[in-house]
Amino acid sequence: MKIRLRAFGIAKDILKSGVVELDEDQIQTTGDVKSYLSKAYPEFDDLLTFSLAVRDEYQEDDYMLAENDEVIVIPPVSGG
Amino acid sequence: MISVKISEEKINPTNSYGEVTDPGVGGTVQFVGTVRNQTKGKKVLRLEFEAYESMAIKEMNKIAETIVAQWSATHVSIHHRVGTLEIKDIAVIISVATPHRKVAFEACQYAINTLKERVPIWKKEIFEDGEVWVAAHP
């Protein structure tokens with residue numbers, strides 16, 4: 001499926017870009033995106049955690065993506 | 001009344017307090033988070049804050065709405081600054097006004113704790129010899 005990743009903080013450094021377009025048959029859910037990222041960019045596994053958001057909401061791993069969804073890659077937050 | 005804001009401009013405790021004053025309020029608790037000059041003994045030169053703004057605003061609104069619902073707060077103001085901040089600059093101001101003081105303390109603590117856990121804002125510490133995204137690694 002075709003999706004767009006948007007990354008912030010250290011995730012942007014790992015992806016070397018704030019926006020990455022993906023077209024991967026094995027990606028159907030947010031969990032699939034996490035697996036893809038861990039495999040393609042092993043530095044994600046060194047993070048304390050990382051979450052994904054779609055439509056400005058955190059999503060669990062079983063969230064079904066739609067074609068052309070924008071998936072936000074959220075490394076550990078550190079506001080305040 | 002709920003006021004939630006993210007801005008690159010300096011944020012100001014007096015303005016935040018002004019937003020929550022009200023004749024029905026008996027107590028206001030304000031948390032002001034500032035940029036510290038060191039981390040674990042290492043000199044910090046400045047901080048850079050970045051936000052995923054639309055979602056950060058949504059999450060900050062959820063915090064404020066929870067405070068109004070659970071602690072019966074009269075007014076809540078949450079302002080966060082982004083961009084480059086120097087030592088002593090204010091990064092975040094939370095003001096919670098309630099009819100009685102006790103819940104204002106509790107609600108304000110809930111607000112800053114939840115903001116640090118959930119709101120998509122990131123800070124990078126800039127040292128003399130490098131830079132680090134705070135809390136990224138175990």
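A note on names: the letters A, B, ... follow the listed sequences, proteins ahead of strands, and every chain is numbered from 1.
- Residue Arg118(B) touches chain A through both its backbone and its side chain, counting heavy-atom pairs closer than 4.5 Å.
- Your options are Glu59(B), Lys124(B), His137(B), and the one with the most heavy-atom pairs under 4.5 Å with chain A is His137(B).
- The pair Lys62(B)-Glu57(A) counts as a salt bridge, with a side-chain nitrogen and a carboxylate oxygen less than 4.0 angstrom apart.
- For the pair Lys2(A) and Glu67(A), the salt-bridge criterion is not met [side-chain N within less than 4.0 Å of a carboxylate O].
- In this structure a side-chain-to-backbone donor-acceptor pair under 3.5 Å is missing from Asn113(B) to Tyr110(B).
- Contact annotation: the side chain of Pro99(B) approaches that of Thr74(B) to within less than 4.5 Å [non-hydrogen atoms, C-beta and beyond].
- For Ala136(B), the parts lying near chain A are the backbone and the side chain together; criterion is any non-hydrogen pair under 4.5 Å.
- Side-chain atoms of Thr29(A) and Asp61(A), non-hydrogen and from C-beta on, never get closer than 4.5 Å to each other.
- Both the backbone and the side chain of Val134(B) have a heavy atom closer than 4.5 Å to some heavy atom of chain A.
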Given Tyr52(B) and Trp122(B), is the ring-ring contact (aromatic ring centres under 6.0 Å, His included) satisfied, shown in steps? CA-CA 9 Å; Tyr52(B) 173 36; Trp122(B) 300 268; 7.8 Å; no
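- A salt bridge links Asp69(A) with Arg55(A): at least one charged nitrogen is closer than 4.0 Å to a carboxylate oxygen.
- Looking at Ala56(B), there are no atoms closer than 4.5 Å to chain A (heavy atoms on both sides), in backbone or side chain.
- Listed options Gly79(A), Pro76(A), Ser78(A) were ranked by heavy-atom pairs under 4.5 angstrom with chain B; first place goes to Ser78(A).
- Side-chain N or O atoms of Lys34(A) include one that pairs as donor or acceptor with a backbone N or O of Phe50(A) at under 3.5 Å.
- Follow the hydrophobic side-chain contacts under 4.5 Å out from Tyr58(A) and you reach Leu47(A) in the same cluster.
- Residues of residues 13-50 of chain B lying under 4.5 angstrom from chain A, judged on non-hydrogen atoms, are Phe49(B), Glu50(B) in numerical order.
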